[in-house]
There are 2 protein chains.
Amino acid sequence: MKDLSKYGIVSALQAIGGKWKPHILFILLEKGTKRFGELSGLMPEITQGVLTQQLRELEKDGLVNRVVYQEIPPRVEYSLSTHGKTLEHILSNMCAWVYHTGNL
Amino acid sequence: MKDLSKYGIVSALQAIGGKWKPHILFILLEKGTKRFGELSGLMPEITQGVLTQQLRELEKDGLVNRVVYQEIPPRVEYSLSTHGKTLEHILSNMCAWVYHTGNL
DNA sequence: CGGAATCCGTTTAGATACTG
DNA sequence: CAGTATCTAAACGGATTCCG
């Protein structure tokens with residue numbers, strides 16, 4: 001546990017710390033590639049506008065891949081990038097922690 | 001990895017997910033009990049107002065203990081609660097992840 | 001003096017409606 | 001279907017003020 005902690009954890013949170021980002025990442029980790037509508041259905045609490053925005057930020061940070069198929073109807077698929085997959089431990093730990101605490 | 005993940009991670013984020021909360025928790029974990037001024041000095045990026053607010057929320061969620069000494073000058077000490085200490089793995093993993101990615 | 005409350009501007013998130 | 005547009009509400013940031 002080094003003293004990069006000071007800024008390390010800050011910058012980690014900038015990538016992960018959007019209000020819904022861990023949830024999005026967790027779903028992509030658990031269930032693999034998903035299209036926009038599926039994600040939206042799996043997280044009905046998030047409005048489309050916010051979902052779009054959070055996905056774009058995750059894409060910008062290199063954690064998710066976004067693939068657009070130029071079809072009618074349109075199709076856009078999201079998946080974890082290699083980099084995003086390195087978050088697996090963190091995400092499952094967070095999940096385990098909640099389970100342990102019992103606050104649902 | 002169970003399907004409580006759906007809401008589990010959401011509620012975890014409500015407790016941990018304030019913009020500065022992981023940073024605060026990490027410092028308290030690493031360095032033990034700290035008074036307000038020390039925390040403020042260790043995190044100069046956070047304004048006092050926001051720091052106060054985040055600490056109060058952490059207290060409300062049972063993750064930190066807040067002890068007020070009725071003295072002149074006043075003294076307020078913060079420390080991780082037992083519950084807060086269960087976050088250790090998550091926090092150090094987050095730190096390790098940033099180190100691994102190299103994005104500072 | 002340390003810790004925090006207040007006022008106010010900016011940034012981020014939520015709700016709803018609408019379009020290529 | 002997968003967004004954008006718009007508007008409102010909540011969270012954050014900066015400075016100042018307050019109180020024991």
Side-chain angles (χ1 to χ4, degrees), chain A residues 6-7 9-28 31-61 63-79, chain B residues 6-7 9-28 31-61 63-79:
Chain A
K6 178 166 182 181
Y7 293 108
I9 215 161
V10 171
S11 64
L13 260 279
Q14 283 168 3
I16 300 177
K19 187 162 183 180
W20 298 106
K21 287 179 188 171
H23 194 185
I24 296 168
L25 292 167
F26 200 94
I27 287 180
L28 291 175
K31 319 210 175 186
T33 302
K34 286 286 161 204
R35 36 199 299 192
F36 185 87
E38 294 178 300
L39 288 174
S40 188
L42 288 167
M43 298 176 283
E45 320 88 10
I46 317 182
T47 56
Q48 288 188 328
V50 174
L51 180 56
T52 298
Q53 167 195 317
Q54 303 268 304
L55 284 167
R56 290 288 156 77
E57 287 179 26
L58 289 170
E59 184 196 10
K60 189 162 58 60
D61 291 333
L63 297 174
V64 308
N65 299 129
R66 177 172 182 266
V67 182
V68 182
Y69 297 86
Q70 282 294 3
E71 311 171 345
I72 307 289
R75 185 156 60 103
V76 180
E77 290 188 343
Y78 293 92
S79 58
Chain B
K6 178 167 181 179
Y7 293 109
I9 215 160
V10 171
S11 63
L13 260 278
Q14 281 166 5
I16 300 179
K19 186 163 182 181
W20 298 107
K21 286 179 188 171
H23 194 185
I24 295 169
L25 292 167
F26 199 93
I27 288 180
L28 291 176
K31 319 210 175 185
T33 302
K34 284 286 161 205
R35 35 196 302 191
F36 183 86
E38 294 178 301
L39 287 174
S40 188
L42 287 167
M43 298 178 282
E45 320 89 14
I46 318 183
T47 57
Q48 287 188 331
V50 175
L51 180 55
T52 298
Q53 169 196 315
Q54 303 266 303
L55 284 167
R56 289 289 158 80
E57 289 180 24
L58 290 170
E59 184 197 8
K60 188 162 58 58
D61 290 334
L63 297 174
V64 307
N65 300 127
R66 178 172 182 265
V67 182
V68 181
Y69 297 86
Q70 281 293 1
E71 309 171 347
I72 308 290
R75 185 156 61 103
V76 181
E77 290 187 345
Y78 294 92
S79 58

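In what follows, chains carry the letters A, B, and so on, assigned in the order in which the sequence lines appear, proteins first and then strands, with residues in each chain numbered from 1. Please read all numbers here as calculations on a predicted model, not as lab measurements.
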Heavy-atom nearest nucleotide on DNA chain C taken for B:Ile72 and for B:Tyr78; more 5' hit belongs to B:Ile72
[X] [atom1] to [N] [atom2]: how many Å, rounded?
X       : N      : atom1 : atom2 : answer
B:Glu77 : C:dG2  : CD    : P     : 14 Å
B:Glu38 : C:dC1  : CD    : C1'   : 15 Å
B:Arg75 : C:dC1  : CZ    : C1'   : 14 Å
A:Lys60 : C:dT12 : NZ    : P     : 10 Å
B:Gln54 : C:dA4  : CD    : C1'   : 15 Å
B:Phe36 : C:dA5  : CZ    : C1'   : 11 Å

Any A:Tyr78 side-chain heavy atom under 4.5 Å of A:Ile24 side chain: no
Heavy-atom side-chain proximity of B:Leu39 to B:Leu55 below 4.5 angstrom: yes
Which stems, defined as runs of 3 or more consecutive Watson-Crick or G-U wobble pairs with both pairing distances under 3.5 Å, involve DNA chain C? C:1-20 with D:1-20
Strictly under 4.0 angstrom, non-hydrogen atoms only: write out the protein contact profile of nucleotides 14-20 of chain C, one letter per nucleotide from the 5' end, B, S or -. BB----B
Base, sugar-phosphate or nothing for B:Gln53? Non-hydrogen atoms, less than 4.0 Å. sugar-phosphate
Applying a 4.0 Å non-hydrogen cut-off, can you work out what A:Tyr69 is touching in the nucleic acid: base, sugar-phosphate, or nothing? nothing
Which nucleotide span of DNA chain D, 5' end to 3' end, has atoms closer than 4.0 Å to non-hydrogen atoms of chain B? D:dC12 to D:dG20
Mind listing the closest non-hydrogen atom pair of A:Pro44 and A:Gly41 along with its distance? CD-O, 3.5 Å
Grab the two heavy atoms, one from A:Arg35 and one from A:Pro74, that are nearest each other, plus how far apart they are. NH2-O, 3.6 Å
side-chain contact (heavy atoms from CB on, under 4.5 Å) partners of [X], counting only residues at least two apart:
X       : result
B:Val50 : B:Trp20, B:Ile46, B:Thr47, B:Gln54
A:Ser79 : A:Thr33, A:Asn65
B:Val68 : B:Arg66, B:Val76

For A:Lys34, what residues pass the salt bridge (Lys or Arg N to Asp or Glu O under 4.0 Å) criterion, not counting sequence neighbours? A:Glu38
For a quick test of reading the model: is some side-chain N or O of B:Arg56 closer than 4.0 Å to OP1 or OP2 of C:dG3? no
So salt bridge (Lys or Arg N to Asp or Glu O under 4.0 Å) across residues 49-60 of chain B, not counting sequence neighbours, yields B:Lys21-B:Glu57
Excluding sequence neighbours, so at least two apart, what forms side chain to side chain donor-acceptor pair (under 3.5 Å) with A:Glu71? A:Arg75
